[in-house]
Amino acid sequence: MLEVSIIIPTYNEERFIKTCLDSIYGQSFPVNKMEILVIDGKSSDQTIQVVKQEIEAGRSNLRLLENPQRIQASALNLGIRASTGKYIVRMDAHTTYDCDYVKKCVEIARDTGADNVGGIAIATGKTRIGKVISLALSCSFGVGNAVFRLGGIDGEVKTVPFGTFPRETFEKFGLFNESLARCEDKEFNYRIRKGGGRIFMSKDLKAFYNNRETIRGLAKQCHDNGLWNMFTLVLSPGSLSIRHFVPFVFVSSLIGIGTAVLVGLLTASWLQTLAWVLVIELWLYFILNIIFSMRLAQQETYHQLPLLMLIFFVMHTSYGLGSIVGAFKTPWFRNKVHKATQARVSV
C-alpha cells in the first residue's frame, strides 16, 4: 500500500491543472510513496489533454479517471474507491500548495489521530478585479467566521477545506453524499463530528486557490453556494452554521419589507414603521461596508474602495438570493433525494 493518494476532481480546469500538478510534483514528500488521481467530469476544454500530456511526459503515478456523473462528490468517491494510499489527500485543481504541504498533512494526521486534517485557504487573484475579490474573501465582513479563510487556528474545528483523511475515516463514516453538487465537504465533516470523530486544523498547511476574476463569476459562485446551502439543510441541518444564513435573512428582509412598503399592504402607521426599518437596515449595512472596505483599502490604495464596496454587496446579495431560490426549491430537492434513495433500495 502506498503512503498517500491524492485525488483531484476536475471539470474544465485547463488553465490551472498543470500548475496544480507542478506544485504536487514539487512536494518534499517522496513521489514514489504517493499516487495522483485526476477524476474528470467530461471536460469540454483541454483539461483531459493536458493531463494526458503530463502522463506521457513521464509523470509517475499519475492516473486519469472519468466521472460520468460530473459532480464533485461522485468524483471524490470514485477517487477514494480507486485509491490505494494509507492517507487520502483531497486537492483542488485551481489551487497550488506549499512544498511541504503533503508531508505536513501526513505528519499532523499521524500525530493527532484526527479523522480529517486541513489548513487555511488563501485567495489569490491575478487581475485587478481578481485581487480585490481576494481581499474580500479574506475578510470577516465577506465570509463571516470562516476561520480557514481568516488565518486559521491550530486545533479542532468544525470543518476544513480540502482535507487529508486516513483511509479508516471512510470505513467509519462512509463516503461523500452524491445528492449534493456542493457542500458535500460540510455534510461529510458534520457526519464525522456526529459520529465522534475529530477534525483538526493547522495554520502551517497553506493552499493558494485562484478565486474568481470577474464580478459576474463571483456572483454566480455565491448564488450557487447559497442555493446548495438550503439543499444541504434538508439532508443535514447540523452541518451548517448561523453565518451561512445571514445573507438569506438580510436579502429576505429587504425584499419583504420593500415589497410591503411599495405595494401598501399594511396601514399607514405600519408602512411608515417598516419604511424606517428598511432605511435603518440599509444604513447600517452600508456603514459596515464602508468601514471594512476602508480597512482593506489601506492594504492597497484607496481608489479600490468603491470596487470593494460593490464586491461585498454582490457577494452578500447573490448569496442571499441563491438561498431564497433554494428555499423555494427544497421540496423538489427533497423529492429528488427520496426517489434516488428508493431507486437504490429497489436495486
Side-chain angles (χ1 to χ4, degrees), residues 15-16 92 94-96 120-152 161 182 206-229 241-262 274-326:
R15 293 171 55 206
F16 307 113
D92 216 67
H94 53 272
T95 303
T96 57
I120 58 176
I122 302 169
T124 57
K126 301 294 190 294
T127 65
R128 172 178 171 265
I129 293 177
K131 289 177 181 178
V132 178
I133 289 174
S134 68
L135 287 176
L137 291 172
S138 304
C139 172
S140 57
F141 185 64
V143 298
N145 63 345
V147 291
F148 63 87
R149 294 184 187 272
L150 303 175
R182 294 196 181 205
K206 295 182 176 68
F208 304 87
Y209 70 95
N210 295 278
N211 54 253
R212 299 299 191 272
E213 300 285 356
T214 65
I215 293 177
R216 181 178 179 180
L218 177 67
K220 185 181 185 306
Q221 181 187 31
C222 291
H223 176 278
D224 291 347
N225 287 341
L227 177 78
W228 281 95
N229 274 347
S241 61
I242 293 175
R243 72 178 171 85
H244 293 109
F245 301 102
V246 172
F248 171 72
V249 174
F250 172 63
V251 177
S252 295
S253 66
L254 293 183
I255 293 174
I257 295 173
T259 301
V261 171
L262 289 174
L274 287 177
W276 274 110
V277 170
L278 183 64
V279 169
I280 292 171
E281 184 177 18
L282 285 171
W283 181 79
L284 287 174
Y285 174 80
F286 282 107
I287 289 295
L288 288 172
N289 195 334
I290 290 171
I291 291 172
F292 280 96
S293 295
M294 288 182 68
R295 288 179 180 176
L296 287 175
Q298 290 176 5
Q299 300 175 25
E300 297 290 323
T301 54
Y302 275 112
H303 75 267
Q304 305 284 25
L305 184 62
L307 182 57
L308 267 169
M309 292 182 64
L310 174 62
I311 286 170
F312 277 133
F313 184 74
V314 168
M315 287 172 63
H316 297 146
T317 53
S318 299
Y319 204 113
L321 287 170
S323 297
I324 291 171
V325 173

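Contact between Ser253 and Glu281 at its shortest, heavy atoms only, is OG-OE2, 2.6 Å. Taking every heavy atom of both residues into account, Ala121 and Pro161 meet most closely at CB-CG, 4.1 Å. Residues Gly130 and Glu213 approach most closely at CA-OE1, 3.0 Å, considering heavy atoms. In this structure, Arg149 and Val143 approach most closely via the heavy-atom pair CD-CG1, 3.6 Å. Contact detail for Leu296 and Cys139: the closest heavy-atom pair is CD1-CB, 3.7 Å. Nearest heavy atoms, Ile129 versus Ile311: O-CD1, 4.4 Å.
Using a 4.5 Å heavy-atom cutoff, the side chains of Met315 and Cys222 are in contact. Residues Arg128 and Gln304 are in side-chain contact: their nearest non-hydrogen atoms beyond the backbone lie under 4.5 Å apart. Within the 4.5 Å cutoff, side-chain heavy atoms of Leu282 are placed close to those of Leu254. Contact annotation: the side chain of Ile255 approaches that of Leu321 to within less than 4.5 Å [non-hydrogen atoms, C-beta and beyond]. For the pair Ile324 and Phe248, the minimum side-chain heavy-atom distance is below 4.5 Å. Inter-residue side-chain proximity for Arg182 and Asp224 is flagged as met; some heavy-atom pair is nearer than 4.5 Å. A 4.5 Å side-chain heavy-atom check between Leu308 and Met294 finds every atom pair outside the cut-off. Residues Lys220 and Leu218 are not in side-chain contact: their nearest non-hydrogen atoms beyond the backbone lie 4.5 Å or more apart.
Residue-environment remark: CD1 (Ile242) stays at or below the threshold of 12 foreign heavy atoms within 6.0 Å.
Relative ring orientation between Phe141 and Phe292 is described as parallel, the plane-to-plane angle staying below 30° on a 0-90° scale split at 30° and 60°.
Remark: of the listed residues Tyr285, Phe313, Phe312, Tyr285 is the sole one forming a ring pair (Phe, Tyr, Trp, His ring centres under 6.0 Å) with Phe250. No option in Asn211, Thr124, Leu150 other than Asn211 meets the side chain to side chain contact (heavy atoms under 4.5 Å, CB included) test with Leu137.
With sequence neighbours left out, the side-chain contact (heavy atoms from CB on, under 4.5 Å) criterion links Leu310 to Ile215, Val314.
Remark: His316 NE2 to Leu288 CG distance equals 9.5 Å, nearest 0.5 Å.
Remark: the Asn225 side chain and the His223 side chain contain no N/O donor-acceptor pair separated by less than 3.5 Å.
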